[in-house]
Participant: 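There's a structure below that I have some questions on.
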Amino acid sequence: MPLGPGQRVLAVADDLSGAAETAAALLSRTTRTRVLLDPRTDTPAPAGTTTVFDLDSRQLSASGAAARIATVLTGLAPDTVVCKKVDSLLRGNLAAEIAALAATGRGVLLAPALPAERRTVRDGVLHTDGVPLHTGDAWRAEVSAPPRSVAEALGVPVALLGLQAVRGPDHHLRTALREALATGLPVVADAETDADLDALLAATLDIDPRVVLAGSAGLALALGRTLGGGPPAPLPPPGPATRPLLVVVGTAEPVAAEQVRRLVADGAALYALDHAPSHPGPALPPLRPGITVLTPCQDGPPDPAAARSIARHLARTAALLDTAPGPADLVLTGGETARRVLDALGVRELRPRGQVHHGAVLAETPDGRTVVTRPGSYGGADSLRLIVRALRAPAARTPPTPTPTPAPPAPKPGRTSQDHAKGPFMNATPAAAAGTAPTTAGNTGVLPVIAVTMGDGAGIGPEVIVPALLDPGTLSRIRPVVVGDAERLRRAAELLGLADQVEIVTVEAPADAEFTPGRINVIDLGLLPADLPWGKLSAVAGDAAYQYVRVASELALSGAVQGICTAPLNKEALHAGGHLYPGHTELLAHLTGVEEVSMMLSTDTVKVIHVTTHIGLIDAVARIEPGLVERTVRRGHDALVRAGVEHPVIGVCGINPHAGENGLFGYGEEEEKIVPALEVLRADGIDARGPLPADTAFFLAGRGDYDLIVAMYHDQGHGPVKILGLEAGVNLTVGLPVIRTSVDHGTAFDIAGTGTADPGSMIEALRQAAALAPSPTG
C-alpha cells in the first residue's frame, strides 16, 4: 500500500516521553499531529491526522496495560496504520501489550532496534553499544533482571527474521516476512541500521498494511520517512528570558547530575527535594522569573521501588511552583515524571512542533504553554543547556567595544595572503594590505563575526578548521567563533602537529571571544565522546552536527554573528541522529524559517546556482517550472550584485542535451519550463541568457563569458565545478536571512584523522563569508 501525507496513523506508547518522541518522528508540514494523554478520548481522526496516545501503562499491571491497548484500538478506520512504540530497552509491559496487539488478528512485526542510540538487534538479542542487554548495566534502575532475548521479554514463541533475510534482495525479504507472518506468531526482526528498518517497513506495508508496526523510535522514523510530506515547520523562536521556565529532572541516569550542574552554573535556580515526603511543605518559595530546576536529592544509588513516589512528589511540587508568578513553560525529563507533572497541571493534549535534539521533543499545549519532554537516558552533558537555549532568548547584553585588529603575521613560505584573497567575489572586499585591517560591506572598519560550525566530528571538519583559523589572512577579514567541540579541535591540532601553535578557548557567546593570532574561540557544546573514532559513521556525531548548525542559526538570527561558515556533515549520520534533512541547505532553511533557498557553488573559474539539488533526476525535471527558475536566477543575481558585480551576465542551462535542439530532444521542456522565466527576467533588466546547452555553457563560463551559470539539477552543476575547482570550491546558500558559506567537499572519512586534509576550501569559504556578510550593528 503506498502511503502518503493523507494517511491516518494511530500510534501508542507506554509513557509520555515515548509518545512525544514517536510524534516527532511522524511530524510533517502536511499532517496534523497530536499527543493525547487520555486513551478514552473520543475524537475521530480525519484523514491526514497522526494521533499518538500516551497509554501511561508502564507502571500498570499486565492486564491493565492490555486493556488500554484494546481501548484505543476499538472502532479504528480500516485503513489506519497502527504503530506501537516500545521501549528500546524492552522495559515496561511489553509482553502484555504485544499479546493484546496480536489478539486483534492484524499480525505484529516487532523491530525494537534504535540505531541512533546504538541499540541493535542481532539473532533476536538486543545489544546496547554492541553489548547484549543482559550482560550490560542498561537495566540498572529496574527491579527485575534484563531479558536474554526479545523472545524471552515476550514470554511466548516468536518467528525470528534474521539479519540475512532483512538485507537480502527485496523479493527474498518479502518471502521470508510473509512466511513468518503466516505462523500467526509475533515476528521479531533483526536490524542494525536505519536502512534495515526502512526495508522492513517497506516489505511489511507491501505485504499487508494492517500489520501492527511495533518498534522503538527508529521504526517510527522509518514510518515518517515513508509518509513523507516534507520536514516540519521551524521551531518557534525562543521566548523572553524573564518568563518562568521550570525544568523538572526526574531521571536516575548518571548524566542527569552533570546536566543539572551545568544549567545551575549558567544561573538557574535549583530546588533539590528530599525523597518523597508526604507533603511538599508550606515554606516552598515562589517560582521566580527565569529558569528553575526541580530535582530529587541524589544521595545514593537510585532506588527503583521509590521511582514512582518520587515522580508524584516532583509533580505536586511543580504544580505548587506553577501557581506564581504565572504558568511556566516546562522541560520534563523521564517519561514517568513528565506524565505525572502534566497530570498535576491538568494538561491532556500536546501539539508537537519538532525536536531540539534527538528525543527532546518541543510541543505546545492548547492553552499556549511550551513543553519539552525527553527520555531520561537521552542526551549528553549539555542536553538541558541546548533545550533551554531553544526556549529562552538570552538577556540583552551590551556589545563590546570593537578593538583594533592586529596586523596579520607574515605569510608562511610558499604561501601569501594574496593567494587566499583570490576568488569570484574579489571585487567585494579587496585583499588587505599588510598591517591594515580591511573594511567590511558597510565600510565601518568592524570585522564581521562568523560562526564556524564543526560539521561531523568524525570527518575532516576539525582538521580543516584549525589550520584555516590559524591562516594569516583569516583574522584580517573576520572574527571567527567555532560552534562545536573543543576537545575534538584539540585532537585535530595534535595530529596536525599544531598543538604548540594554537590556544583553543571555550567561550559562552561570541561577545565573550577575543581575537588574537593563534587563539581559536569555541562555543563548546561537548556532545562528542572522547573515544569517537575518526572516519566512522556515527549517529552521535550526526546529531552533534545538527546541534552545531542549530546553535549557529540562533546566533545569526539574534544578530550575535553576521554569517555562518559550515564544515561538512555526513547525511547518513545526520539521519541516524534523528534529523531527516537532505543536507545543510535544507536544514538551514528549516532553522531560519525560509521556504526556499538555492545552492551556489563558487570557484575562481566558475560559479553555478542550482534550480534543484538533492532529489532524483526524474523528480527534478518534474519540479522545474518557470516560477522556480525565475526565483533561482533572481537569488543568484542579487548575491552577485551584493558582492560587487554590478551587471552580472547569467547563463541558464537547458534540461535536455543541446537544450532540446528545437524539439529534437525531449518534449519541449525548455520552452515550457525555462523560456517564460527568462522573458520575465529580461523585462526586469536582468541579463539572463539561454536556454544554453550545459556543455557549452560551462565552457563559456570557464573562459569568462558568464558571471554565473544556472544549472537545472544537481549533477549538471556539481560535475563541472568539481572538475574546474574542487580544491578551492565554496558552497553558498543563497536566499537565507543570513549569509552562509561552506567548503565544497564532504567529510572524507577515508582520510579523516590522518592530518592530510587540505584546508584551502575552508580558507576560501571564510574569505567569501567575509566578503558577503553585512557589517555588525552596535
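Bear in mind the structure is a predicted one, so any value in this text is a computation, not a measurement.
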Participant: Taking Asp54 first and then Lys85, would you say they form a salt bridge - that is, a charged N and a carboxylate O separated by under 4.0 Å?
Facilitator: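 Looking at Lys85 together with Asp54, the answer is no, because their closest N to O distance does not fall below 4.0 Å.
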
Participant: Got a donor-acceptor contact below 3.5 angstrom from the Asp56 side chain to the Asp15 backbone?
Facilitator: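 Pair absent, no side-chain N/O of Asp56 close to backbone of Asp15.
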
Participant: Specify the closest pair of heavy atoms between Ser17 and Gly335, including all atoms of both residues, with the distance to one decimal.
Facilitator: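 Between these two residues, the closest heavy atoms are OG-CA, 3.4 Å.
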
Participant: Do you see a donor-acceptor pair shorter than 3.5 Å between the side chains of Gln59 and Arg339?
Facilitator: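 No, no side-chain donor-acceptor pair sits under 3.5 Å.
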
Participant: Between the main-chain N or O of Arg519 and the side-chain N or O of Thr516, is there a donor-acceptor pair closer than 3.5 Å?
Facilitator: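 Between the backbone of Arg519 and the side chain of Thr516 there is no qualifying donor-acceptor contact (under 3.5 Å).
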
Participant: Take Glu494 and Arg490, measure what salt bridge (charged side-chain N to carboxylate O under 4.0 Å, His left out) needs, and give me the verdict at the end.
Facilitator: CA-CA 6 Å; Glu494 290 171 1; Arg490 293 187 183 104; over 6 Å; no

Participant: Does some side-chain heavy atom of Leu321 sit less than 4.5 Å from a side-chain heavy atom of Leu246?
Facilitator: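 Answer yes - side chains close enough.
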
Participant: Rounded to the nearest 0.5 Å, how far apart are CG of Leu489 and CG of Leu498?
Facilitator: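 Answer for the CG-CG pair, Leu489 versus Leu498, is 12.0 Å.
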
Participant: So among Arg389, Arg385, Arg261, which one has a salt bridge (Lys or Arg N to Asp or Glu O under 4.0 Å) with Asp266?
Facilitator: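 Answer to the salt bridge (Lys or Arg N to Asp or Glu O under 4.0 Å) test with Asp266 among Arg389, Arg385, Arg261: Arg385.
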
Participant: Over 60° means perpendicular and under 30° means parallel, so tell me whether Tyr581 and Tyr546 are parallel, tilted or perpendicular.
Facilitator: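 Ring orientation of Tyr581 relative to Tyr546: parallel.
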
Participant: Please check if the side chain of Glu463 supplies one atom and the backbone of Gly753 the other of a donor-acceptor pair under 3.5 Å.
Facilitator: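 Pair found, side chain donor or acceptor close to backbone of Gly753.
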
Participant: Would you confirm whether Trp534, through its side chain, and Gly457, through its main-chain N or O, come within 3.5 Å as a donor-acceptor pair?
Facilitator: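 No, Trp534 side chain to Gly457 backbone: no donor-acceptor pair under 3.5 Å.
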
Participant: Holding to side chain to side chain donor-acceptor pair (under 3.5 Å), I want the full list of residues that pass it with Asp14, two or more places apart in sequence or in another chain.
Facilitator: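 For Asp14, the residues satisfying side chain to side chain donor-acceptor pair (under 3.5 Å) (neighbours in sequence not counted) are Arg58.
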
Participant: Side chains of Arg351 and Thr365: any donor to acceptor distance under 3.5 Å?
Facilitator: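 Checked: Thr365/Arg351 side chains show no N/O donor-acceptor pair below 3.5 Å.
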
Participant: Taking the side chain as every heavy atom from C-beta outward, state whether Leu332 and Val249 have any atom pair closer than 4.5 Å.
Facilitator: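 Of all side-chain heavy-atom pairs linking Val249 with Leu332, none is under 4.5 Å.
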
Participant: Does anything in residues 547-557 form a side-chain hydrogen bond (donor to acceptor under 3.5 Å, both in side chains)? List the pairs, not counting sequence neighbours.
Facilitator: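 Sorted pair list: Asp543-Gln547, Gln547-Arg550, Arg550-Glu554.
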
Participant: Is it the case that Thr566 and Ser742 place a side-chain donor and acceptor less than 3.5 Å from each other?
Facilitator: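 Yes.
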
Participant: Ignoring hydrogens and angles, tell me if any N or O in the side chain of Asp524 forms a donor-acceptor pair with the backbone of Ala486 under 3.5 Å.
Facilitator: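 Side chain of Asp524 to backbone of Ala486, a donor-acceptor pair under 3.5 Å: yes, one is there.
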
Participant: Under 3.5 Å, side chain of Thr337 to main-chain N/O of Gly334, donor-acceptor pair present?
Facilitator: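 Answer holds: no.
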
Participant: Might you point out which heavy atoms bring Gly18 and Ala13 nearest each other, and give the distance in Å?
Facilitator: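 That would be C-CB, 3.8 Å.
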
Participant: So, Thr128 and Arg119: side-chain donor and acceptor under 3.5 Å apart, yes or no?
Facilitator: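 Absent: no donor and acceptor within the cut-off.
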
Participant: More than 12 heavy atoms of other residues, nucleotides or ligands under 6.0 Å from CD of Glu572: is that the case?
Facilitator: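 No, the 6.0 Å shell around CD holds no more than 12 heavy atoms from other groups.
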
Participant: Under 4.0 Å between a Lys/Arg side-chain N and an Asp/Glu carboxylate O for Glu364 and Arg353?
Facilitator: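 Yes, this pair counts.
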
Participant: Is the closest side-chain heavy-atom distance between Leu766 and Thr741 below 4.5 Å?
Facilitator: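 Result no, sub-4.5 Å side-chain heavy-atom pair not found.
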
Participant: Examine distances only and state if a side-chain atom of Asn521 and a backbone atom of Ala513 form a donor-acceptor pair shorter than 3.5 Å.
Facilitator: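 A pair under 3.5 Å: no.
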
Participant: Is Arg491 paired with Glu487 through a side-chain N to carboxylate O contact shorter than 4.0 Å?
Facilitator: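 Judged by the 4.0 Å cut-off on N to carboxylate O distance, Glu487 and Arg491 do not form a salt bridge.
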
Participant: List the steps, then state whether side chain to side chain donor-acceptor pair (under 3.5 Å) holds for Arg374 with Gln259.
Facilitator: CA-CA 13 Å; Arg374 196 208 68 198; Gln259 292 171 350; 3.3 Å; yes

Participant: Do His313 and Pro296 have side chains that get closer than 4.5 Å, going by heavy atoms?
Facilitator: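 His313 vs Pro296: side chains apart.
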
Participant: Counting C-beta onward and ignoring hydrogens, is there a side-chain heavy-atom pair between Pro568 and His584 closer than 4.5 Å?
Facilitator: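 They are not in side-chain contact.
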
Participant: Please examine the side chains of Val331 and Val248, heavy atoms only from C-beta on, and report whether any two atoms are closer than 4.5 Å.
Facilitator: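 Heavy-atom side-chain distance check fails, nothing below 4.5 Å.
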
